[in-house]
2 protein chains.
Amino acid sequence: MNFLKAEQPPLFKDHAYNEIKKAIIQHEIEPGSMLNERSLSESLGISRTPLKLALQQLELEGWITSVPRKGIFIKTINKRDVDDIFQLRKANEVLVIELLIPLLDNETIATIEKVDNQLVVHKENPVQFVYYDSSFHLFLAELSQNLRLYQLIENLTDHFNWYRFAALKAGKSLDEIYYEHTLIIEGLKARNIRQTTDAVLNHIDNAYATIIANLQE
Amino acid sequence: MNFLKAEQPPLFKDHAYNEIKKAIIQHEIEPGSMLNERSLSESLGISRTPLKLALQQLELEGWITSVPRKGIFIKTINKRDVDDIFQLRKANEVLVIELLIPLLDNETIATIEKVDNQLVVHKENPVQFVYYDSSFHLFLAELSQNLRLYQLIENLTDHFNWYRFAALKAGKSLDEIYYEHTLIIEGLKARNIRQTTDAVLNHIDNAYATIIANLQE
DNA sequence: TGCCGGTATCTGGTATTCCAGATACCAATA
DNA sequence: TATTGGTATCTGGAATACCAGATACCGGCA
């Protein structure tokens, strides 16, 4: 008898977490700038208690650094972190493919293509485009049936988008993402782990090159 | 002039986090049992505010589940989670080796062997033995120079130890860990990625088999 | 003019209070 | 006896109050 089950009211900490993270990723908050619990809680309309929980999660995930009695600082983007993230992303997206391919059926592949087609629709809006590109990768991760792997990929993707929006702000154009996705899907259709992982790694390497090129200017 | 810099006093939330996590891993708190913020804060001698921060970190890391207005529940151990953790661990320990080998010099290898020798000294004490086995893997992760990878391995290792202590409680003996480490070190000495990753994967697979065998009883 | 020290004020950390949802129990009733 | 409904009492969520460390500012003094 749970067709009437009431939805849990969203917790303030989750709302604050999502809002702040979005603002960081989209560079509405400058890297390196300082936040302040009291004014933040005011502008979000909540008290410091749930805000502290949100901030702690952001710190654990590597978005901010909290220095007791000094302040809360948005992390800066540097090559060391970008490298770390991309090394992890490559290894774990390869794991996604390895887990995924034995589970594939034709219907699932059709769904993957459908998710990918969202990209074309939004290619005129860079922000939307980036998010739909991410959802393609997240969907593959979800299909791997490993929840912790999914959460890891989600975190890595968020950071990746943060870097990418920095490049977008600098006026860089989007790369050949759509074509690269097509190569990945071809590999999946062939149920060929080697072919698919090569396509994924190439896709990630190209994105890395774009981000690093922008970083060094 | 920072040789006189005062150490930051440890934060209550970190202390609470460490204490509770240790109690969970060593099975002083039963999987599936319920915790209570008020009595926990009393027994730790702190207020609920820093405790909430500790509990949230534990939840994000997969140790507990917090249900609003119901309670806080220690996660149970099931095959699905064990599988997820081991899939991640294998992929990422392989990444550690790939990053590590190009950075190796003879002195570093000597240090690795020294860390591994701690194992023999403590082979009569299973709890100490498990922790020294972990420190071997964590040391390799640290040498990979990728901070996020290190943190990931640390989390996976903690969960691994949780599973392993469950087997220890059930009276299982420790496996051939020391010999398997020797094979890993041999691979490192040869600077051979394939040989070393094979040794690491074999090491992890053996541990997996032990844990799963115990789980199914 | 430049340095030194005290104080006002900023910061996050911690404790406490209040609130509402969930639940268990018990008494009243059919 | 079985069921229902109200209440006491659990739970965690959120707001507020208070504390101490860190800092910046400003006035006095060399």
Side-chain angles (χ1 to χ4, degrees), chain A residues 1-21 23-24 29-30 32-76, chain B residues 1-21 23-24 29-30 32-76:
Chain A
M1 187 80 77
N2 64 359
F3 54 85
L4 281 178
K5 73 164 189 293
E7 287 299 315
Q8 293 284 352
L11 297 179
F12 288 11
K13 69 170 178 186
D14 294 325
H15 176 250
Y17 165 79
N18 288 322
E19 290 295 309
I20 299 170
K21 191 174 80 173
I24 294 174
I29 307 177
E30 202 72 17
S33 61
M34 179 177 146
L35 298 180
N36 163 317
E37 284 192 2
R38 283 173 177 81
S39 51
L40 243 183
S41 70
E42 265 182 52
S43 59
L44 287 166
I46 63 177
S47 78
R48 284 175 61 205
T49 309
L51 176 60
K52 284 178 103 64
L53 294 168
L55 290 173
Q56 159 152 312
Q57 182 169 354
L58 291 166
E59 180 170 21
L60 291 172
E61 292 177 0
W63 299 104
I64 63 178
T65 305
S66 169
V67 183
R69 281 159 210 108
K70 293 266 185 75
I72 298 152
F73 302 89
I74 309 292
K75 282 254 180 83
T76 52
Chain B
M1 190 78 82
N2 64 357
F3 54 85
L4 281 178
K5 73 164 188 295
E7 286 300 313
Q8 294 284 351
L11 296 179
F12 288 13
K13 68 170 178 185
D14 295 325
H15 176 249
Y17 165 80
N18 289 323
E19 290 296 310
I20 300 170
K21 191 174 79 173
I24 294 174
I29 307 178
E30 203 71 18
S33 62
M34 181 177 145
L35 298 180
N36 165 316
E37 284 192 2
R38 282 176 177 78
S39 50
L40 244 184
S41 70
E42 266 182 50
S43 60
L44 288 167
I46 63 177
S47 78
R48 283 174 62 206
T49 309
L51 176 60
K52 283 178 104 66
L53 294 168
L55 290 173
Q56 158 153 317
Q57 182 169 355
L58 291 166
E59 180 170 21
L60 291 172
E61 292 177 0
W63 299 103
I64 63 179
T65 305
S66 168
V67 183
R69 282 161 210 103
K70 293 267 183 72
I72 298 153
F73 302 89
I74 308 291
K75 281 255 180 81
T76 52

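In the text below, chain A, chain B and the rest are named by the order of the sequence lines, each starting its count at 1. This one's a predicted model, so the numbers in the text were calculated from it and none came from an experiment.
We find that CG of A:Asp14 is positioned 17 Å from P of D:dG12, with the value rounded to whole Å. Remark: C1' of C:dT14 and CD1 of B:Ile46 are 9 Å apart, rounded to the nearest angstrom. B:Met34 has its CE atom 13 Å from the C1' atom of C:dA24, to the nearest Å. Remark: C1' of C:dT14 and CG of B:Leu11 are 11 Å apart, rounded to the nearest angstrom.
Sorted by first and then second residue, the pairs that involve residues 53-72 of chain B and meet ring pair (Phe, Tyr, Trp, His ring centres under 6.0 Å), not counting sequence neighbours, are B:Trp63-B:His159, B:Trp63-B:Trp162. A ring pair (Phe, Tyr, Trp, His ring centres under 6.0 Å) check over residues 32-57 of chain A, counting only residues at least two apart or in different chains, returns nothing.
Here the shortest heavy-atom pairing between B:Ile29 and B:Ser33 reads CG2-OG, 3.4 Å. What you find for B:Glu19 and B:Leu44 is that their closest heavy atoms are CB-CD2, 4.2 Å. B:Pro68 and A:Leu11 get closest at one heavy-atom pair: CG-CD1, 4.2 Å.
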Would B:Ile24 and B:Ile64 satisfy side chain to side chain contact (heavy atoms under 4.5 Å, CB included), going step by step from the backbone distance to the final call? CA-CA 9 Å; B:Ile24 294 174; B:Ile64 63 179; 4.1 Å; yes
Applying side chain to side chain contact (heavy atoms under 4.5 Å, CB included), run through A:Leu53 and B:Leu53 and close with a yes or a no. CA-CA 6 Å; A:Leu53 294 168; B:Leu53 294 168; 3.6 Å; yes
Could you go step by step and tell me if A:Leu40 and A:Ile20 meet the side chain to side chain contact (heavy atoms under 4.5 Å, CB included) rule? CA-CA 9 Å; A:Leu40 243 183; A:Ile20 299 170; 4.2 Å; yes
Go through the steps for A:Gln57 and A:Lys13 under the test side-chain hydrogen bond (donor to acceptor under 3.5 Å, both in side chains), then give the verdict. CA-CA 9 Å; A:Gln57 182 169 354; A:Lys13 69 170 178 186; over 6 Å; no
Would B:Leu58 and B:Lys21 count as a side chain to side chain contact (heavy atoms under 4.5 Å, CB included) if you check the C-alpha gap in whole Å, the side-chain angles of each, and the deciding distance to 0.1 Å? CA-CA 7 Å; B:Leu58 291 166; B:Lys21 191 174 79 173; 3.9 Å; yes
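Nearer to the 5' terminus of DNA chain D, by closest-nucleotide assignment, is the contact made by B:Glu37 (compared with the other of B:Glu37 and A:Arg38).
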Within the 4.0 Å limit for protein heavy atoms, which parts of nucleotides 5-10 of chain C are touched? Write it as a string from 5' to 3', B for base, S for sugar-phosphate only, - for none. ------
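For the OP1/OP2 pair of C:dA15 and a distance below 4.0 Å, the side-chain nitrogens and oxygens of B:Ser47 include at least one atom meeting the criterion. Proximity of B:Lys70 to the phosphate of C:dT23: a side-chain N or O atom is located under 4.0 Å from OP1 or OP2.
Across D:dA15, D:dC19, C:dT14, the shortest atom-to-atom separation from the side chain of B:Phe12 is found for C:dT14.
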Could you summarise the pairing of DNA chain C as dot-bracket text, marking Watson-Crick and G-U pairs under 3.5 Å with ( ) or [ ] inside the strand and | across strands? ||||||||||||||||||||||||||||||
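Scanning residues 48-66 of chain B for heavy-atom distances under 4.0 Å to DNA chain D yields B:Arg48, B:Lys52.
Not counting sequence neighbours, the partners of B:Ser41 by the side chain to side chain contact (heavy atoms under 4.5 Å, CB included) test are B:Arg48, B:Leu51.
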